[in-house]
Amino acid sequence: MSGELPKTYEPKAFQQQVTERWLEAGAFNANPNAEDLRADKRYVVMMPLPNVTGALHMGHAMDNVMQDMLTRWHRMQGDNTLWQPGTDHAGIATQAVVEKRLKEQEGLTRHDIGREALVERIWAWKDEFQARIIRQQQQMGCSCDRSRQRFTMDAVCSAAVREAFFKLFSDKLIFRGDRLVNWDCMLQTAVANDEVYHETIQGHFWHLRYPVIDPKPGEPAFVIVATTRPETMLGDAAVACHPHPTAAMQKKIAEAEAKLAAADEKDRPAIEVELERLKARLVEKIPALEQLAAMARDGRMIKLPLMDRPIPLICDEWAKPELGSGLVKITPAHDPNDYGVWQRHQDELEIRNILKPDGCLNALCGPYAGLERYQARNKIVADMDALGLLDHIEDHETEVGHSDRSKTIVEPYLSKQWFVRMADVEGGVNCGVGTRKAFKGAGLAQIAIDAANDGRVQFHPDGERYLKSFTSWLGEKRDWCISRQLWWGHRIPVWSRAFEDASELKAVLAQLPAEPDALKAWISDSEGNQQAIDAQIAGPCELQVCVRFSKDDERLGKALEALGLQRDPDVLDTWFSSALWPFSTLGWPDCEHAPILEGQRFLGAQDGQPSSLEMYYPGSCLVTGRDILTLWVARMVMFGLYTQGDVPFHDVFLHAKILDGKGETMSKSRGNGVDPVDIIDRYGVDAMRYIICEMQTGIQDVRMPVQADCPHCGQVVDLGRAKHGRTKEGHENKFTYCCTACKQEFDVLGTMKGMKSAKVYSDRFEIGMFTCNKLWNAARFVLMNLGDLGFEPLSLANLETEDRWLLSRLEAARAACHQALCDYNPSNAISAVRDFFWSEMCDWYLELVKPRLTADGQSDAATASAKKARQVLAVALDQVLRLFHPFIPFITEAIWAQLCAQAPVRGIEKPLPASDLCTLARWPEPQAWRNEALETQFAALCEVIRTVREIRARYNVAPKAELPCAIRGPEASLEVVRLGARHLSHMANLSSLQIAVDAARPAHAGSAVLGDLELFVGDVLDEEKERARLMGVQAKLQKTLESTEKKLANAGFLAKAPADVVEAQKALLADTKAQLALIAQNLKALD
RNA sequence: GGGCGGGUAGCUCAGCCGGUAGAGCAACGGCCUUACAAGCCGUGGGUCGCAGGUUCGAACCCUGUCCCGCCCACCA
């Protein structure tokens, strides 16, 4: 990094080199230091761990750049900074990807190759993608500490998972129970609600007839029930009727009447129609339903068709008399509501699971056993029809749950699963046991709610908005299903065995290894109620033994297996390990012995310095998108409080989401994703980062129109407007587009065989590149003029006006940038620096100072003036580089090296703090450079210069032509112009300049009025043009005059508006009148 | 169905504790002025989704309404 800056800005020429300098200097390493233990001396960011399923996309780029910007900003402020990187094993997602490839490439399923071989393959996949992710992050400039890189399934994080599980299990906060879960039939695992998305499907209501067994005279021979999933009838346990149909119906009617009374005029018709329907129904259907309710009470049975199984007719309030036939079939094992009915009628009803894990019907389904669920549906409908039991079919649009990973429809499915108990528990939950911050909380969800409510965790930039969704989600306190029937993940460390009665259990308990520190055992019933092993148990139960340390798995596992216990085959939900991330990465529970990899940072205490856990927990800020506020953020807060006694971070920065040109979420699977590396290749990394920072305003999501160059004709295609191609079946193909020019189809992912493909990009990044280019060239100009510059203390008072103005504006920009960062508004922060740099430093100062630099050596005074200018230039560049650095680190670092080479000591009154690397340089501190009075004067001068330029431009005068100029007005206003006469002549290219109260109008002059000043530029006049222009200005002023006069004539305004507002209007009126007078004079002068 | 957010210049977004509508890009006119044509100088362009209300005064506050997006719940 020596010699001059290359003439053109080429980011590729220095990006790699800059990265290497940072790494060589260990600039991003976090070193625990007891002196920095205070919260305000540390800054800790835990990277939201990307999944190892694939490469990073634009959303990650946003997330990573925001974190990097904050981290660099704090590092420059001298904070002891840790940005902790790592990746997530992403259980279901990764296994799904690898299984899919296995199927596609080798035609094998996971069962063909077995658990061990599959897991081995997934590790290989993980290694490949983790390396790729790290490369991508490095290219983006992420200043995280690579010597601490973690993976949720590495030995360090796994130890934390075991300890957390053991603690929760021992506190009875983890239990196993039979529950209805969302079942993914393809991946054959439970999926969480959060992993399910809903899609509208055109379906049907099938109205089925079930025969009544031995109806009494006057009773119906059939009941009719409706369903959207006919195959579930095989598992029906009952048909339900409302216990009091009339009363329920009357209540509905009363509600509708109340609603009608309160409704607006336009809403009435709809409500009236509904009310009529209900009333008609009360007459037509309710008597029959009352009869059915009576039949139910009388114990009448129904014959379930196809299965010829008798099922009871029961009364339950779940049946809604106002809907359908008023009767509902009950399938407890395959519908959440029906499950609720079953819970209320457990003695009368049996619960029948009719599905195998793969979605085929099981042995309980008689002739339908073995059929796939949708084949079964068709056959059942056909068979019912053949039996004359299909009453009718109705079209029905319905929202159907799909598994996020396999994209297949999920089934509600009854199975045994492990849960974390979220609700409050009797006796409370002991949190932070063994730490200095131990406390007792009501329950796991509640401790996180409390932390958010009392401000220990705050959301930014709009705190209130997300506090509500955070606490209301947690407020449901729904148990968290943590078991997944997968092979990739942390295997549940519990061995268990079911017992029919207590005697056998006793014999086993007597032989359990007595190692209370390494084992915890409970006896559990099927509902998940756990009791101590010495409790008196009657009836069936299950012995559950949790093994604390993985090192004991083999030894204790064997002992347990010898007693007939079996290890649970399931693995933990991936969010379980992510929830531990803020401390698992730091070596909890045992920093001193954390099994780090070779070459990695030791996590324990050493050389008198604190351990990493002590040093960096709790962290400072969590940076993420709002979509995982609940899934991840809430659970980290919860587990942080539970295990450490303290929140894992105090601030949560929720950033915007990047959408495509149509306002849709970007993703690879939608074919509108953009790879950050493609953007970096095309525009440079700083350009990408610049735009990402600029996009992050408030919480507003931002659209990023996406383009591609057509591989057929080369035309730029706006993907927001282009049509998609068609698949063979005639459906829209989201992964291809048709060129808007040549109409030919192309692909944007490179996955369509035999089709030309194009890289996707967005021209918004050009703006970032332009800014970097400007910075590069301005730096070249400064460095070119700097020579080898030494430092001499200067007093502010001795500087030229423009020097003091620049420093004043610099200080204003510094303050604005810093404040915006404190407010989590990167867009305002970067704009403050950009506007100063471009609009003030480049557009004005560099131009103003050129004559001083060229005059160097012409006299002692000129030399001194040039020297001052150079020193100011060096300081301005220095500060601009520092302020820009957190946003665009590469270019600033590259220029910094050259600046340091030429001017190692920079400053005005005294030298600024020095640093070899910009990334380790001190963030600019407040300076006493601000001078608002001077800024006001300078702004007035700039206005004059602009006005003269405007006159020139109006008459198309060649910029090279030097023209005479005269300015007249009141003495006080002329003073400012006189002070800047030198600049005015130079910037507006004047041959002569007259400034006087009665300055003569030059011949053939174009004119302008600026406040109380009249400006004339000679030798330009085109009388017609000038007259037309003056009249245009006159019309505009007239409008202002009228509205201002109207305001001031308004008694209410004068009486009620604040005095300063009234004064401002009066001043505006006076000014407008004066200008109109001048315009009139000028018009007259043209005659 | 419930909740949240957004609709401001051709595009992407600021402004929103009320007081003469802003930026960048695009467009138009003029300049290759020895840092930068990825640049410089200048110009045009918006009844601030729609309708009411509060106010002396509304892009901003309130009510309603229409679109768009997100989250949650649920539909036998």
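Throughout, protein chains are lettered first and strands after them, A, B, ... in sequence-line order, and every chain is numbered starting at 1.
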Base paired to G24(B) (Watson-Crick or G-U; both N/O distances under 3.5 angstrom): C11(B)
Residue-phosphate contact under 4.0 Å: R946(A) side-chain N/O, C40(B) OP1/OP2: no
K12(A) side-chain N/O to D681(A) backbone N/O, donor-acceptor pair under 3.5 Å: yes
W473(A) side chain near A73(B) phosphate (N/O to OP1/OP2, under 4.0 Å): no
Between C70(B) (P) and Y466(A) (OH): distance, integer Å: 13 Å
Selected nucleotide, minimal atom distance to L1068(A) side chain, candidates C11(B), A14(B), U20(B): U20(B)
Rounded distance in Å between the P positions of C36(B) and G30(B): 23 Å
L783(A) backbone acceptor or donor facing Q898(A) side chain under 3.5 Å: no
Aromatic plane relationship, W776(A) with Y9(A) - under 30° parallel, 30 to 60° tilted, over 60° perpendicular: tilted
Selection from C72(B), C36(B), C25(B) that lies nearest to any side-chain heavy atom of N773(A): C36(B)
Whole-Å gap separating C1' (U33(B)) and CG (D843(A)): 14 Å
R949(A) side chain near G42(B) phosphate (N/O to OP1/OP2, under 4.0 Å): yes
I767(A) side-chain proximity, nearest of C75(B), A35(B), G24(B): G24(B)
Separation of the P atoms in G6(B) and C13(B), to the nearest angstrom: 13 Å
G19(B) pairs with, by Watson-Crick or G-U criteria that keep both distances under 3.5 Å: C56(B)
E694(A) with R834(A): basic N within carboxylate O range, under 4.0 Å: no
Side-chain donor/acceptor of R209(A) to backbone N/O of V225(A), under 3.5 Å: no
Nearest-Å distance for atom pair CD/P, residues E943(A) and C41(B): 14 Å
Nucleotide of A35(B), C70(B), G24(B) approaching R834(A) most closely (side-chain heavy atoms): G24(B)
Donor-acceptor pair (no angle test) under 3.5 Å: E847(A) side chain, A35(B) base: yes
Phosphate OP1/OP2 of A14(B) contacted by T697(A) side-chain N/O (<4.0 Å): yes
Y845(A) six-ring centre to K850(A) NZ/CZ under 6.0 Å and within 45° of normal: no
Rounded distance in Å - NZ (K477(A)) to C1' (C72(B)): 19 Å
Residue met sooner reading RNA chain B from 5', once T227(A) and R764(A) are mapped to nucleotides: R764(A)
Residue P705(A), side-chain atoms from C-beta onward, closest of C4(B), U12(B), G39(B): U12(B)
Nearest-angstrom distance, C1' atom, G45(B) to C11(B): 13 Å
Distance, rounded to the nearest Å, where Y955(A) contributes OH and G29(B) contributes C1': 15 Å
Shortest side-chain distance from V702(A), nucleotide among A35(B), G3(B), C13(B): C13(B)
Touch class at under 4.0 angstrom, heavy-atom based, for C772(A) against every strand present: nothing
Touch class at under 4.0 angstrom, heavy-atom based, for D701(A) against every strand present: sugar-phosphate
Touch class at under 4.0 angstrom, heavy-atom based, for L846(A) against every strand present: base
Rounded distance in Å between the C1' positions of G15(B) and A27(B): 24 Å
C31(B) OP1/OP2 closer than 4.0 Å to side-chain N/O of K960(A): no
Rounded distance in Å between the C1' positions of A59(B) and G18(B): 10 Å
Donor on one side chain, acceptor on other, T232(A) and K329(A), under 3.5 Å: yes
Distance in angstrom units between M695(A) CE and C11(B) C1', rounded: 14 Å
Rounded distance in Å between the C1' positions of G24(B) and G39(B): 16 Å
Whole-Å P distance, A35(B) and U47(B): 43 Å
5' priority, RNA chain B, between R229(A) and S827(A) [closest heavy atom]: S827(A)
E231(A)/R229(A) ion pair, N-O < 4.0 Å: no
Closest nucleotide among G3(B), G39(B), C68(B) to the R703(A) side chain: C68(B)
side-chain N/O K850(A) vs U33(B) OP1/OP2, d < 4.0 Å: no
C1' spacing across the pair C32(B) / G69(B), given as an integer number of angstrom: 47 Å
Side chain of K7(A) (C-beta onward), nearest among C36(B), C25(B), C40(B): C36(B)
Any strand: nucleotide that pairs with G1(B) via Watson-Crick or wobble, under 3.5 Å: C72(B)
Sugar-phosphate, base or nothing in reach of I330(A), heavy atoms under 4.0 Å: nothing
H460(A) and Y824(A) aromatic ring geometry - parallel, tilted or perpendicular at 30°/60° bounds: parallel
Nucleotide paired to A38(B) in any strand shown, Watson-Crick or G-U, under 3.5 Å: none
Rounded distance (Å) that lies between atom P of G30(B) and atom CD of E950(A): 17 Å
Atom-pair distance (CD on E766(A); C1' on U12(B)), nearest Å: 14 Å
